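Encoded as structure tokens, the structure appears first; notes follow it.
Residue numbers begin at 1 in each chain, while the letters A, B, ... track the order of the sequences. Worth saying up front: this structure is predicted, and the values here are computed from it rather than measured.
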Protein chains: 2
Amino acid sequence: MYMSGSPIHRPPAPGALSERALHLFRLLVERYIAEGQPVGSRTLAREANLTLSPATIRNVMADLEDMGLIHAPHTSAGRVPTVLGYRLFVDSVMTMRVPSAEVVERIHGDLQHEADVQKLLHKTSDMLSEITKLASVVMIPRVEQRALRQVEFLPLSDNRVLAILIVNEQEVQNRIIHTARAYSASELEQAANYLNQAFAGRDLMQVREGLLREMARNRAELDRHMQAAIEMAEKALVAEKSGDEYVVSGQTNLMAINDLSNIEKLRQIFEAFNQKRDILHLLDQAVNAHGVQIFIGEESGYEVLNDYSVVTAPYGSEDKVIGVLGVIGPTRMPYERVVPLVDLTAKVLGAALKTLT
Amino acid sequence: MYMSGSPIHRPPAPGALSERALHLFRLLVERYIAEGQPVGSRTLAREANLTLSPATIRNVMADLEDMGLIHAPHTSAGRVPTVLGYRLFVDSVMTMRVPSAEVVERIHGDLQHEADVQKLLHKTSDMLSEITKLASVVMIPRVEQRALRQVEFLPLSDNRVLAILIVNEQEVQNRIIHTARAYSASELEQAANYLNQAFAGRDLMQVREGLLREMARNRAELDRHMQAAIEMAEKALVAEKSGDEYVVSGQTNLMAINDLSNIEKLRQIFEAFNQKRDILHLLDQAVNAHGVQIFIGEESGYEVLNDYSVVTAPYGSEDKVIGVLGVIGPTRMPYERVVPLVDLTAKVLGAALKTLT
DNA sequence: ATTTAGCACTCCGCCCCGGCGAGTGCAAAA
DNA sequence: TTTTGCACTCGCCGGGGCGGAGTGCTAAAT
């Protein structure tokens with residue numbers, strides 16, 4: 001199946017609809033989200049406080065359908081929101097439902113006392129998926145400013161050296177590097193000392209540049225252990241980050257949603273989680289958004305995410321965004337509840353990370 | 001659903017069956033594994049080189065059914081192997097199919113040049129699931145003999161200390177420990193020095209015991225940095241291992257198997273993968289087996305694994321078993337092909353790990 | 001001009017039915 | 001012991017009928 005050829009339109013301004021139409025629209029979407037079944041004029045008439053006959057409702061619904069907000073799966077079924085309809089709903093119609101006090105407490109409690117960053121991220125993801133009953137994703141913080149705190153080198157066998165970089169007071173990175181020749185323990189120690197003296201506290205990128213400058217000088221002038229230090233550091237810094245770009249939890253929640261029991265579709269999204277490509281790109285997009293961002297169905301631009309919605313929020317401290325988290329579920333998800341939850345979780349995670357620095 | 005009340009019987013000795021019956025049984029199982037549909041007397045008659053009428057086959061099949069080896073889903077369907085049938089098949093009937101040269105090469109190639117242990121395990125799991133088209137599990141090596149090579153302590157803020165243990169030439173473990181008071185960098189250095197001198201090369205358990213002995217002496221006699229060293233080491237050693245007990249890949253392969261498109265069952269097994277409890281226990285059981293071990297359906301003893309089979313093999317060097325790997329798939333899996341693959345993979349992984357030590 | 005009632009119509013989901021195909025078990029013949 | 005023949009049992013599939021839900025349209029009511 002191709003992606004819908006028609007570009008995704010902006011929904012009509014809420015002012016373009018009569019008060020009544022808007023009200024009914026809202027009811028319809030809420031009802032559909034709650035029940036999961038196409039809702040008809042009869043049901044809607046009962047639901048609305050307005051005393052109107054189903055026939056009147058039908059007229060309104062026909063209008064809504066003309067505007068592309070709702071859609072009838074077949075001649076004689078009720079109506080279901082379209083992507084455009086959901087868009088209008090989340091943008092201008094819905095009223096957030098603030099999380100209950102217990103949930104708020106839960107979120108704070110879970111994330112407060114966790115010293116290890118990795119574990120904190122896992123906990124966050126687990127918690128978020130649990131309270132939303134959806135799949136959740138937490139991006140690993142991409143700290144662009146990584147201050148080198150300390151370096152240690154330890155010789156291993158076969159011209160290999162274990163480099164330990166301590167970054168940002170917290171994070172420890174181990175890298176095994178292969179060197180041209182074997183270095184003795186004392187050489188390595190000297191190299192480490194040199195690097196620590198020269199570069200401790202600097203940003204990793206600065207370190208890199210500094211090293212390159214050193215090398216630009218006449219190599220011959222450098223004494224042995226400087227050379228060693230540089231070789232080490234170069235190799236250690238070049239090593240790319242581990243492929244773990246984000247953490248996922250609650251994938252199984254998606255299987256429990258009968259909405260899309262289409263097994264092949266499920267398989268595809270699970271693959272997407274594993275592949276970490278499309279999902280990561282999507283999260284990257286959301287990194288620049290100011291607050292919560294919602295991708296509905298095809299809006300994401302990724303085929304696998306058709307029929308799914310993604311709600312994301314960047315997290316960090318103040319205006320420094322360092323990562324994104326979010327949930328993934330069926331387009332028919334309780335946005336009113338989910339959006340504030342994602343928002344809050346992002347804020348609390350940001351705060352928790354800040355205290356760790 | 002309860003677990004079958006009847007205990008799992010041993011299958012009849014292959015001698016208990018006539019040559020012919022055994023032959024037909026083998027054909028039936030092979031056919032069923034290949035096609036996934038109950039196989040009837042007619043099909044079997046065609047398949048067998050013996051020139052026998054379907055009626056004769058039927059008699060034989062009736063016998064096999066009496067023995068509990070096969071079973072008819074309903075009156076007029078063909079027969080399907082029972083758990084007992086599979087047992088007999090894998091124990092005494094099937095002939096292993098050796099992996100093709102390309103596959104063998106692939107396995108060696110993939111695992112040869114990977115220096116990082118964690119990555120190696122991931123690669124192994126990925127590869128195994130890919131070539132078997134099943135889900136695969138690789139247990140993290142539980143090195144009972146962990147020789148301490150070096151210790152480093154680095155002060156962090158707030159009475160926290162980062163302990164870096166280098167174990168077994170390769171493995172690096174970082175632990176953040178909370179201490180009763182703040183220690184200065186030099187104190188920590190002295191503590192590390194002490195520990196390194198006293199315990200480098202020893203097994204972690206020995207270190208533990210040694211420390212306890214030290215503490216048994218009159219505490220007052222110990223000078224400050226010894227105390228510090230002991231406090232550090234105690235905390236660092238006590239810290240439990242991270243919860244990552246094994247690596248899983250190819251879970252999505254299970255979804256593609258129409259055999260069990262029962263979505264709820266799938267959900268449960270995915271949960272089991274995440275939970276890492278039942279699966280881990282099962283792997284632990286297999287750690288003591290000499291070679292490949294096969295758990296068919298309910299044999300595993302874990303409800304979630306009904307309808308699934310697990311093929312495991314311990315890996316390590318010589319008689320030192322350090323871990324287990326395996327695959328999980330439907331009971332109807334191509335054992336002839338899978339068993340040798342699991343076996344080979346375990347051997348190659350063991351070898352690869354050995355070169356890393 | 002809007003709302004309502006009435007009505008014909010459409011379409012899905014469900015159940016029931018009958019036919020077909022596959023396969024069985026049994027008894028009698030080879 | 002094997003085969004043939006036969007009655008029987010199911011599962012699967014397609015068709016037909018039916019009820020329910022909901023629609024759109026038109027004409028009447030407000």
Side-chain angles (χ1 to χ4, degrees), chain A residues 17-25 27-32 34-82 85 258-262, chain B residues 17-25 27-32 34-82 85 258-262:
Chain A
L17 283 80
S18 76
E19 189 67 32
R20 193 176 64 181
L22 209 60
H23 180 218
L24 288 173
F25 172 70
L27 250 60
L28 187 145
V29 177
E30 286 175 355
R31 177 90 190 187
Y32 179 69
E35 307 288 338
Q37 276 162 351
V39 5
S41 54
R42 184 183 215 74
T43 327
L44 219 48
R46 230 181 299 112
E47 201 91 345
N49 289 347
L50 326 169
T51 21
L52 285 179
S53 79
T56 315
I57 309 277
R58 281 205 283 280
N59 289 328
V60 179
M61 283 165 83
D63 293 349
L64 292 174
E65 181 148 28
D66 284 346
M67 286 185 260
L69 295 176
I70 59 179
H71 160 251
H74 59 86
T75 320
S76 137
R79 305 302 216 287
V80 160
T82 61
N258 46 351
D259 233 46
L260 290 191
S261 52
N262 178 342
Chain B
L17 282 80
S18 74
E19 189 67 31
R20 192 177 65 183
L22 209 60
H23 180 219
L24 288 173
F25 171 72
L27 251 60
L28 187 145
V29 177
E30 286 174 355
R31 176 90 190 188
Y32 179 69
E35 306 288 337
Q37 276 163 351
V39 5
S41 53
R42 186 185 214 72
T43 327
L44 219 48
R46 230 181 300 112
E47 202 92 344
N49 289 347
L50 327 168
T51 21
L52 286 179
S53 79
T56 316
I57 310 276
R58 282 205 282 280
N59 289 328
V60 179
M61 284 165 84
D63 294 347
L64 291 174
E65 182 149 27
D66 285 345
M67 285 185 259
L69 296 176
I70 59 179
H71 160 250
H74 60 87
T75 319
S76 136
R79 305 304 215 286
V80 160
T82 61
N258 46 353
D259 233 44
L260 292 189
S261 54
N262 178 341

*Over how many whole Å does the gap from Ile70(A) atom CD1 to dT23(D) atom C1' extend?*
12 Å
*asked:* Please report the distance, rounded to the nearest Å, between CG in Leu50(A) and P in dT3(C).
replied: 11 Å
_Between C1' of dT24(C) and CZ of Arg79(B), the distance in whole Å_ = 7 Å
*Return the 5'-most residue of the pair Arg20(B), Pro73(B) with respect to DNA chain D, ranking by each residue's nearest nucleotide.*
Arg20(B)
*Passing option when Leu17(A) is tested against Leu24(A), Val60(A), Asp63(A), Leu69(A) for side-chain contact (heavy atoms from CB on, under 4.5 Å)*: Leu69(A)
*At what distance, to the nearest 0.5 angstrom, does CG of Leu52(B) lie from CZ of Arg20(B)?*
5.5 Å
*Could you tell me whether the phosphate oxygens of dT10(C), OP1 or OP2, come under 4.0 Å of any side-chain nitrogen or oxygen in Thr75(A)?*
no
*Sort and list the pairs that fulfil side chain to side chain donor-acceptor pair (under 3.5 Å) and have at least one residue in residues 66-82 of chain A, not counting sequence neighbours.*
Glu65(A)-Arg79(A)
*Taking all non-hydrogen atoms of both residues, which atom of Gly85(A) and which atom of Phe25(A) are closest, and how far apart?*
O-CZ, 3.2 Å
*Round to the nearest Å and state the distance from His74(B) atom NE2 to dG23(C) atom C1'.*
9 Å
*What integer distance in Å separates His71(B):NE2 from dC10(D):C1'?*
14 Å
*asked:* For DNA chain D, which residues of residues 53-69 of chain B approach it to below 4.0 angstrom with any heavy atom?
replied: Ser53(B), Ala55(B), Thr56(B), Arg58(B), Asn59(B)
Atom pairs under 3.5 Å, N or O on each side, protein against nucleotides 14-21 of chain C: can you list them with distances?
none

*Do you know the tightest heavy-atom contact between Met61(B) and Ile70(B)?*
O-CD1, 3.6 Å
_Counting C-beta onward and ignoring hydrogens, is there a side-chain heavy-atom pair between Glu47(A) and Val39(A) closer than 4.5 Å?_
no
_Minimum heavy-atom separation for Pro73(B) and Gly78(B), please, with both atom names._
CD-O, 3.3 Å
*Whole angstrom is fine here: how far is it from CG in Leu24(A) over to P in dT3(C)?*
11 Å
*asked:* Between P on dA22(C) and CZ on Arg31(B), what's the gap in Å once rounded to a whole number?
replied: 13 Å
*Search all heavy atoms of Ala45(B) against all heavy atoms of Ser53(B) and return the closest pair with its distance.*
CB-C, 4.4 Å
*With Ser41(A) as reference, evaluate Ile57(A), Leu28(A), Thr56(A) under the side-chain contact (heavy atoms from CB on, under 4.5 Å) test and give the passing residue.*
Ile57(A)
*Quickly work out the Arg42(A) CZ to dA5(C) P distance and round it to whole Å.*
12 Å
